[in-house]
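Report on the following structure.
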Protein chains: 2
Amino acid sequence: MKIDPDSSADFSAQIAKAIRDAIVAGDLMVDQRLPSEAELAEQFDVSRPTVREALKRLAAQSLIRTQRGATGGAFVNRLRFEDAYAQAVTTSTLLLSMNAVSFDVACEARYALERACAPLSAARRTPDHLATMRAEITRQSEPGLSDEAFCASDVTFHRALVDAAGNPMLSYQLAGAVEAMQPLMNMITFTARSRERIVMMHQNMVATLEARDALGTEAALAALESYTRDLGHTVVAERTNRKDRTKEKTA
Amino acid sequence: MKIDPDSSADFSAQIAKAIRDAIVAGDLMVDQRLPSEAELAEQFDVSRPTVREALKRLAAQSLIRTQRGATGGAFVNRLRFEDAYAQAVTTSTLLLSMNAVSFDVACEARYALERACAPLSAARRTPDHLATMRAEITRQSEPGLSDEAFCASDVTFHRALVDAAGNPMLSYQLAGAVEAMQPLMNMITFTARSRERIVMMHQNMVATLEARDALGTEAALAALESYTRDLGHTVVAERTNRKDRTKEKTA
DNA sequence: ACTTTTTAATTGTCTGGCATTTTAATGTCT
DNA sequence: AGACATTAAAATGCCAGACAATTAAAAAGT
């Protein structure tokens with residue numbers, strides 16, 4: 001592993017890339033200890049702070065972990081689904097908020113993904129999954145529930161639906177998308193939505209899952225998507241009207 | 001923004017989290033300049049190297065970029081789909097290689113996701129998408145093509161299928177999964193697979209897309225999944241046989 | 001008015017050091 | 001011999017101060 005002193009990139013970025021490539025290529029195995037910071041500094045012919053910056057970059061991606069003490073050091077981290085999941089949620093959230101992704105586009109992507117696991121969920125759902133979903137439905141029916149709590153319960157419900165597919169890779173890909181987009185959508189629509197109607201749709205989903213009726217689950221998701229999009233349009237239209245009225249006043 | 005000196009977490013991790021939270025919450029806008037490293041060091045009451053480690057963590061997630069010079073500094077980065085996409089591919093690749101995800105699980109997830117965009121792709125594909133896919137099919141039919149090139153062309157083909165859905169958020173979510181899993185699957189199956197048969201399936205997909213036949217596209221994808229899984233099982237079975245024979249010899 | 005030079009601000013890097021944490025070795029007492 | 005306390009060593013975490021490199025703006029010169 002070498003770095004190029006003439007490259008325009010920072011040393012720390014180059015060193016991080018070299019180590020990352022070694023991990024991805026399998027040259028560094030899980031739980032294997034990297035050389036100490038002092039040794040890495042000597043190997044790459046840079047100072048210790050520079051090596052540390054490189055290691056922090058890798059730590060930010062959960063590729064390594066560090067331990068202090070005599071037998072401490074930096075170790076290749078076994079990337080867990082939860083770690084990757086947390087990063088995916090942050091990334092998706094920022095992608096949505098920074099790229100002017102329209103409500104329709106986000107909504108479409110979210111439900112397209114969720115429908116993808118409906119057949120698997122219908123086939124493999126366990127009583128546990130159904131129980132989780134029913135518990136969340138009960139919660140969502142409580143009259144005094146705050147909007148935040150309703151939103152959180154909504155996420156848990158859909159997460160259970162995704163997990164029912166019994167495929168961790170699919171859960172990772174989908175849950176990131178769902179969790180990132182759900183709050184955004186709830187934020188937009190919670191002023192106008194009818195909790196009663198959403199709860200009914202959720203109940204319908206659980207019923208179709210229990211009956212292992214994949215098409216029914218897909219239909220229920222499609223209905224929820226349709227309702228959510230209508231809500232979104234209503235909210236957007238109202239905001240536009242408000243703006244227009246404000247303009248008229250100032251004009 | 002404050003950090004807790006008694007926390008078990010590193011200062012640099014705490015500072016990175018504080019800034020990251022500010023970005024996610026929208027307190028720091030895109031292209032906004034952060035205070036200089038020296039100012040941040042004073043604000044958080046730590047040294048400059050510690051601040052730098054925090055900034056490198058954020059840079060590793062493409063949340064900020066840095067510029068040198070008089071008007072330089074750290075700026076909130078507009079997270080682009082491509083940046084997020086590259087990270088997703090790395091993460092997915094490591095998740096697959098580090099978590100003993102079975103061939104079946106990976107295969108199932110990949111095709112479930114890809115089928116999710118079939119209806120949208122059928123509805124919105126443009127002549128451009130069809131042309132890209134046909135060009136890749138032509139390439140895949142070349143007799144002297146290396147396995148690596150065939151694999152790369154396969155990725156491009158499926159990427160076009162995903163992009164045809166015309167939803168960047170969906171493309172981001174799917175393309176990461178497809179690109180991470182395709183090479184893995186090709187690696188496993190390329191010894192046994194029939195390029196001719198795969199090309200035929202690809203042609204079928206293009207035809208159904210051109211006809212805007214969503215169900216047909218889904219069926220073609222299901223057929224490809226089925227074939228891929230059979231291949232996977234064959235390869236795994238052969239490997240097991242080889243191992244058994246080796247055991248018999250040594251015994 | 002245009003070009004060149006200087007200056008200031010900022011990140012990138014290095015040196016050297018101290019503090020803290022953790023394990024292993026050593027010593028001491030029962 | 002075994003249990004416990006002490007010490008030593010290794011490693012990361014953190015800091016202070018400095019210099020180099022880069023860049024844009026300000027100043028100076030033509």
Side-chain angles (χ1 to χ4, degrees), chain A residues 1-20 23 28 30-77, chain B residues 1-20 23 28 30-77:
Chain A
M1 291 194 294
K2 283 281 150 57
I3 60 173
D4 172 17
D6 299 331
S7 165
S8 64
D10 296 354
F11 287 170
S12 69
Q14 290 185 57
I15 294 170
K17 182 177 190 311
I19 298 176
R20 180 164 41 239
I23 293 175
L28 292 167
V30 167
D31 291 334
Q32 187 176 335
R33 184 180 174 280
L34 270 62
S36 73
E37 294 175 353
E39 287 168 331
L40 285 172
E42 202 174 357
Q43 278 185 34
F44 287 108
D45 199 25
V46 296
S47 69
R48 219 188 111 203
T50 303
V51 167
R52 282 180 61 79
E53 287 178 8
L55 294 179
K56 297 311 169 199
R57 295 178 114 109
L58 299 173
Q61 297 177 302
S62 305
L63 295 186
I64 62 167
R65 61 180 186 278
T66 55
Q67 257 180 343
R68 295 176 70 167
T71 58
F75 298 84
V76 178
N77 207 16
Chain B
M1 291 195 295
K2 283 279 150 55
I3 61 173
D4 173 16
D6 299 332
S7 165
S8 63
D10 296 354
F11 286 171
S12 68
Q14 289 185 57
I15 294 170
K17 181 177 188 312
I19 299 176
R20 180 164 39 237
I23 294 175
L28 292 167
V30 167
D31 291 335
Q32 189 176 331
R33 184 181 175 280
L34 272 62
S36 73
E37 294 175 354
E39 286 168 331
L40 286 172
E42 202 173 358
Q43 277 185 35
F44 287 108
D45 199 26
V46 297
S47 68
R48 218 190 113 203
T50 303
V51 167
R52 282 182 60 78
E53 287 177 9
L55 294 179
K56 296 313 168 200
R57 294 178 114 110
L58 298 173
Q61 297 177 301
S62 306
L63 295 186
I64 62 167
R65 62 179 185 280
T66 54
Q67 258 179 345
R68 296 175 72 168
T71 59
F75 298 83
V76 178
N77 206 16

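Heavy atoms only: backbone and side chains are in, while hydrogens, waters and symmetry mates are out. Protein chains get the first letters and strands the later ones, always in sequence-line order, with residue 1 at the start of each.
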Table please: side-chain donor-acceptor pairs of residues 41-48 of chain A below 3.5 Å, with sequence neighbours left out.
residue, atom, partner, partner atom, Å
S47(A), OG, T50(A), OG1, 3.3
R48(A), NE, E37(A), OE1, 2.8
R48(A), NH2, E37(A), OE1, 3.0

Rounded to whole angstrom units, what separation is found between the [atom1] atom of [X] and the [atom2] atom of [N]?
X	N	atom1	atom2	answer
F75(B)	dT23(D)	CZ	C1'	11 Å
D6(A)	dT22(D)	CG	P	11 Å
Q67(A)	dG13(D)	CD	P	10 Å

So, for F11(A) and D4(A), which heavy atoms are closest and what is the spacing to 0.1 Å? CE2-O, 4.5 Å

Distance-minimising heavy-atom pair for L40(A) and P35(A): CD1-O, 3.6 Å

Remember a base hit wins even if backbone is also touched, and classify R65(B) as base, sugar-phosphate or nothing at under 4.0 Å, heavy atoms. nothing

S8(A): side-chain contact (heavy atoms from CB on, under 4.5 Å) partners, not counting sequence neighbours: none

Mind checking what makes side-chain contact (heavy atoms from CB on, under 4.5 Å) contact with A9(B), not counting sequence neighbours? S7(B), Q14(B)

Does R68(A) get its side chain close enough to the base of dA11(D), under 3.5 Å, for a donor-acceptor pair? no

When L28(B) is tested against each of I64(B), V76(B), L63(B) for side-chain contact (heavy atoms from CB on, under 4.5 Å), which residue passes? V76(B)

Can you give me the first and the last nucleotide of DNA chain C (5' to 3') that has an atom within less than 4.0 angstrom of a non-hydrogen atom in chain A? dG12(C) to dT23(C)

Within residues 40-60 of chain A, find the residues that approach DNA chain D with a heavy atom at under 4.0 Å, and present them sorted by residue number. R48(A), R52(A), K56(A)

Checking D31(B) now: which residues fulfil side chain to side chain donor-acceptor pair (under 3.5 Å) with it, not counting sequence neighbours? R65(B)

What residues form a side chain to side chain donor-acceptor pair (under 3.5 Å) with E39(A), not counting sequence neighbours? S36(A)

Between NZ on residue K17(A) and CG on residue D10(A), distance to nearest 0.5 Å: 14.5 Å

Would you mind writing out the side-chain donor-acceptor pairs for residues 54-62 of chain B within the sub-3.5 Å range, not counting sequence neighbours?
residue, atom, partner, partner atom, Å
R57(B), NH1, S12(B), OG, 2.6
Q61(B), OE1, R20(B), NH1, 2.4

Protein and nucleotides 25-29 of chain D: nitrogen or oxygen contacts under 3.5 angstrom:
none

